[in-house]
Amino acid sequence: MSLFEHKISEIHELLHKRDLSVSDLVDESFKRIGEVEGKVQAFLTLDEENARAAAKALDEKAVQSAPTNKLYGLPIGIKDNIVTKGLRTTAASKILENFDPIYDATVIQKLQQAETVTIGKLNMDEFAMGSSNENSGFKKTLNPWNLDRVPGGSSGGSAASVAAGEVLFSLGSDTGGSIRQPASFCGVVGMKPTYGLVSRFGLIAFASSLDQIGPITRNVEDNAFLLKAIAGHDEMDSTSANVDIPDYIGSLTGDIKGLRIAVPKEYLGEGVNEEVRKSVMDALVILERLGATWEEVSLPHSKYALATYYLLSSSEASANLARFDGVRYGYRTPNAENLIEMYKKTRAEGFGEEVKRRIMLGTFALSSGYYDAYYKKAQKVRTLIKQDFENVFEKYDVIVGPTAPTPAFKIGENTTDPMTMYANDILTIPVNLAGVPAISIPCGFDKGLPLGLQIIGSHFNESTVYKVAHAFEQATDFHKKQPEL
Ligand SMILES: NC(=O)C[C@H](N)C(=O)O
């Protein structure tokens, strides 16, 4: 059995009793990477030398006093759009191929305080634009459950590395489903926190009003530990919320008797695969057995979510990505005659197809004459979508449905028409537009491919989301299955 099949609390216990060292954990990580990385391709950069040095230093420290910090010495992988000082950070884009940040993101500083060990940086869709990792500027990560399938995206490397046992846990980011959909495809637990709960300082911006960093783990308890470590107010992020961070672990105990679940009819309708629908219905039976009740509800504006998201996120991307101009960061074309040509060629050569598509879409939506018809209208619809959620949460504690309409699709299956790729986000996007928290946890399999259950909470109510997720996990075995690699 791999060390990483243990929960954080169990590993901590072993470290505390000195039955295990941090170097053992880091060895385990690199041993596994040596065995499976050739197949899975989850990492863009490995940081072996520093990871081993950090492990040694932590082991020496532990001789003086036994570690009390729960995350002490645990090997973590970081999505490559989160900046790490001196460690190459590319956002999977050629335009940042050789970019070494000069500072650490706030979440990285927090992990340093928690004394985790960074193993490396994980593959993703370029600038987080995509649902399959096929838009990475460097390579395709494959699904550990079936190497012909995508791992999901954009945090595909983050989900695949955890599922493959290369790291104990990872950080991803979620703008329209980028943590939850890959978690669903790879059979792991992924949490998109409430907008504002986790600092975005040092997250390479895609769509600033939607982006959130969150944890990907093998089980719900570990996820709660990691979120607790990275959440909290940060004056470096003006949208960071000043709220108390509850004891998520404490909230896992206790039952879900009397809990009221809403199941949106829009989330089980046309386009949702039969096995996916069945796994959600079976999950509801289990939740009922645990004492919860459920009713069908409507989120009537869901049908506008996809269009709203792709308008707003592309508009924000068109503004955010203006900074990649060959002057300030990264790549600069070697063959330009003048400044304007330098800008044009740098961006034409540095960005991939999907990124260019979104910049053009967003620039169009923001341009004078179209702004009111597209951008402004989308902002209004976003408010209606948010209100849909608020209405449901007046009467219900959580909303439950599938994470994605299908299990992991085949590599190349959705690449010819961007719309089919965008449609994969249909069940995750409304959550980002509303700013509420949601988790994906394993809830079944379809022909050997994992399926995810999405549990959505009201603003800053991660505790209730975790409690329901944990109760379901304790009553099922889906999270215990491992991919054979
Ligand atoms: N970034 C995300 O959350 C993923 C989404 N599929 C997108 O391409 O925008």
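One-based numbering, in listed order, for ligands and for the atoms of each.
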Distances for all N or O pairs of ligand 1 and the protein under 3.5 Å?
from	atom 1	to	atom 2	distance (Å)
ligand 1	1 (N)	Ala128	O	2.6
ligand 1	1 (N)	Ser178	OG	2.8
ligand 1	3 (O)	Thr175	N	3.0
ligand 1	3 (O)	Gly176	N	2.5
ligand 1	3 (O)	Gly177	N	3.2
ligand 1	3 (O)	Ser178	N	3.1
ligand 1	3 (O)	Ser178	OG	2.7
ligand 1	6 (N)	Gly130	O	3.2
ligand 1	6 (N)	Ser131	OG	2.9
ligand 1	6 (N)	Asp425	OD1	3.2
ligand 1	6 (N)	Asp425	OD2	2.6
ligand 1	8 (O)	Gly130	N	2.8
ligand 1	8 (O)	Arg358	NH1	3.2
ligand 1	8 (O)	Arg358	NH2	2.8
ligand 1	9 (O)	Tyr309	OH	2.5
ligand 1	9 (O)	Arg358	NH1	2.9

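- When only modelled atom types and interatomic distance are considered, Ser440 and Gln181 share no side-chain donor-acceptor pair under 3.5 Å.
- Using a 4.0 Å cut-off between charged side-chain N and carboxylate O, Lys121 and Asp80 make a salt bridge.
- A donor-acceptor pair shorter than 3.5 Å can be found between the side chains of Thr333 and Glu349.
- With a 6.0 Å radius and a threshold of 12 heavy atoms from other residues, nucleotides or ligands, Phe99 has its CZ atom above the threshold.
- There is a side-chain donor-acceptor pair under 3.5 Å between Thr239 and Tyr195.
- Shown are Tyr422, Tyr374, Tyr375; of these, the ring pair (Phe, Tyr, Trp, His ring centres under 6.0 Å) with Tyr310 is made only by Tyr422.
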